[in-house]
Chemist: 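Sharing a structure below in structure tokens format, with a few things to ask.
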Amino acid sequence: MPELPEVEVTRLSFADRIAGARILGITMGKPLRWPLGCPTSSLLGREIRSVRRRGKYLLLDLDQGLLLLHLGMSGSLAFAAQLPPRGHHDHFELQTTQGFLRLNDPRRFGAVVFADSEDAAVARKLLGGLGVEPLTDDFDVASFHAGLKVRKASIKQVLLAGDLVVGVGNIYASEALFLARIRPTLRAHRITRPRAARLHAAIRDVLTRAVEKGGSTLRDFSNAKGESGYFQIDAMVYGRAGQPCRACGTAVKCIQQGQRATYFCPVCQKN
DNA sequence: AAAAGCCCCTGGATGC
DNA sequence: TGCATCCAGGGGCTTT
């Protein structure tokens, strides 16, 4: 999916334009990951007040309740006054007084779920276990290092789990670990304070730059205005197995960790 | 309690 | 060109 930068870029591309809109109609396609959780008719007439992000979830605040929206692995949003005719991967659409918001999601790992509030059971289930937001002041070296110290899984998998820090997906996990010069297989609890500080900085750096570039690393990503990001122009290791490390020239390695591909430079990233 | 595996689903790339 | 196989950005749930 869309990792944190892509979700944030999506949010920025339509949040202001949809704020204040009222829901006129809803069209559902094939089932997504979870049911909406309320009759579509109960949403008609409600106002969309703001769009926030928590981890990789988008939160559409309504005048009553909120919609939790997740792009899964292959989802993207479009928001415009007019949109092309619906295709067979368009599985959710809001018609509003200010335009159409449409979710296209070929693999249907995405979801749109209604919750009465952030304290509702469904919202707590989805958001309750999420870690700290990496681009806020709450993400600090001391608590990050403390969190790592009690985890025995590999650092790559701890980053991916999202219960310590959110938003770092499979691509940016490899990229951040490269920038911090840490081997992805290193057990989290063995990471020293200086290395935790490097990783902390690397995570912020790689995510911040990706947001600035408009969600740079997804090959088929586009924001809700239909503008695509640049395709992997600055991946240091991700997707580059066998190619020379951009720092030292050694062939980039690809291994499997928890059914996911991990890329790293065996020379730059020593334990 | 934490960690590891298992799925959900479709399409594109690759190889024979 | 056709078909089988493999792989993909996530993450909740179940099993160890």
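Protein chains get the first letters and strands the later ones, always in sequence-line order, with residue 1 at the start of each. No hydrogens, no waters, no symmetry mates; every other heavy atom, side chains included, goes into these values.
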Chemist: Please list, chain by chain and in numerical order, all residues satisfying side-chain hydrogen bond (donor to acceptor under 3.5 Å, both in side chains) with A:Asp205, sequence neighbours excluded.
Modeler: A:Arg209
Chemist: Tell me: CD of A:Gln259 to C1' of B:dA4, nearest whole Å?
Modeler: 8 Å
Chemist: Whole Å only: how far is the CZ atom of A:Arg260 from the P atom of B:dC6?
Modeler: 15 Å
Chemist: Among residues at least two apart in sequence or on other chains, which ones pass side-chain hydrogen bond (donor to acceptor under 3.5 Å, both in side chains) with A:Asp63?
Modeler: A:Arg22
Chemist: Could you state the CG-P distance from A:Leu32 to B:dC9, rounded to the nearest angstrom?
Modeler: 12 Å
Chemist: Round to a whole Å and report the spacing from CG of A:Leu126 to C1' of C:dG10.
Modeler: 13 Å
Chemist: With sequence neighbours excluded, what pairs up with A:Ala251 under the side chain to side chain contact (heavy atoms under 4.5 Å, CB included) test?
Modeler: none
Chemist: Which pairs count as salt bridge (charged side-chain N to carboxylate O under 4.0 Å, His left out) when at least one residue sits in residues 187-197 of chain A, sequence neighbours excluded?
Modeler: none
Chemist: Check ring-ring contact (aromatic ring centres under 6.0 Å, His included) between A:Phe139 and all other residues, then give those that pass, not counting sequence neighbours.
Modeler: A:Phe144, A:His200
Chemist: I'd like a table of atom pairs between the protein and nucleotides 13-16 of chain C - only N or O on both sides, under 3.5 Å - with the distance next to each one.
Modeler:
| residue | atom | partner | partner atom | Å |
| --- | --- | --- | --- | --- |
| C:dC13 | OP1 | A:Lys125 | NZ | 3.4 |

Chemist: Which Ile, Leu, Val, Met, Phe, Trp or Tyr residues join A:Ile255 in one cluster when any pair of side-chain heavy atoms under 4.5 Å counts as a link?
Modeler: A:Phe264
Chemist: Give a yes/no on whether any side-chain N or O of A:Tyr172 is located under 4.0 angstrom from OP1 or OP2 of C:dG10.
Modeler: no
Chemist: Within the modelled atom types, does a donor on one side and an acceptor on the other bring the side chain of A:Arg108 and the base of B:dC9 under 3.5 Å apart?
Modeler: no
Chemist: Under the side chain to side chain contact (heavy atoms under 4.5 Å, CB included) rule, collect the residues that match up with A:Ala180, sequence neighbours excluded.
Modeler: A:Ile182, A:Arg198, A:Leu199, A:Ala202
Chemist: To the nearest Å, how far apart are A:Leu58 CG and C:dG10 C1'?
Modeler: 14 Å
Chemist: May I have the distance from A:His88 (atom NE2) to B:dG11 (atom C1'), rounded to whole angstrom?
Modeler: 9 Å
Chemist: Is there a side-chain polar atom (N or O) of A:His70 under 4.0 Å from OP1 or OP2 of C:dG10?
Modeler: no
Chemist: How close or far is atom C1' of C:dG11 from atom CZ of A:Arg107, stated in whole angstroms?
Modeler: 12 Å
Chemist: Return the residues of residues 148-164 of chain A meeting this criterion: a heavy atom under 4.0 Å from some atom of DNA chain C. Order them by number, or give none.
Modeler: none
Chemist: How is A:Gly169 classified with respect to the nucleic acid when contacts are heavy atoms under 4.0 Å: base, sugar-phosphate, or nothing?
Modeler: sugar-phosphate
Chemist: Scan residues 153-166 of chain A for pairs that pass side-chain hydrogen bond (donor to acceptor under 3.5 Å, both in side chains), counting only residues two or more places apart or in two chains.
Modeler: A:Arg151-A:Asp163, A:Ser154-A:Gln157, A:Ser154-A:Gln257, A:Lys156-A:Asn170, A:Lys156-A:Thr262
Chemist: Locate the shortest heavy-atom distance separating A:Thr192 from A:His145; write the atom from each residue and the value.
Modeler: C-NE2, 3.5 Å
Chemist: Between B:dA4, B:dG11, C:dA8, which one does the side chain of A:Ala261 approach most closely?
Modeler: C:dA8
Chemist: Of the nucleotides C:dA8, C:dG10, B:dG11, which one has an atom closest to the side chain of A:Tyr238?
Modeler: C:dA8
Chemist: With A:Pro85, which residues qualify under side chain to side chain contact (heavy atoms under 4.5 Å, CB included), at least two apart?
Modeler: none
Chemist: What is the distance, to the nearest angstrom, from the CG atom on A:Leu71 to the P atom on C:dG10?
Modeler: 11 Å
Chemist: Charged N to carboxylate O under 4.0 angstrom, A:Asp90 versus A:Arg102?
Modeler: yes
Chemist: Ring of A:Phe109 versus six-membered ring of C:dG10: centres under 5.5 Å and planes under 30°?
Modeler: yes
Chemist: Any side-chain N or O of A:His89 below 4.0 angstrom from OP1/OP2 of B:dC9?
Modeler: no
Chemist: Give the dot-bracket string for DNA chain B, reading 5' to 3', where a pair is Watson-Crick or G-U wobble with both distances under 3.5 Å, ( ) marks pairs inside the strand, [ ] marks pairs crossing earlier ones, | marks a partner on another strand, and . marks unpaired.
Modeler: .|||||||.|||||||
Chemist: What I want to find out is whether A:Glu133 reaches A:Arg53 closely enough, with some N-O distance under 4.0 Å, to be called a salt bridge.
Modeler: yes
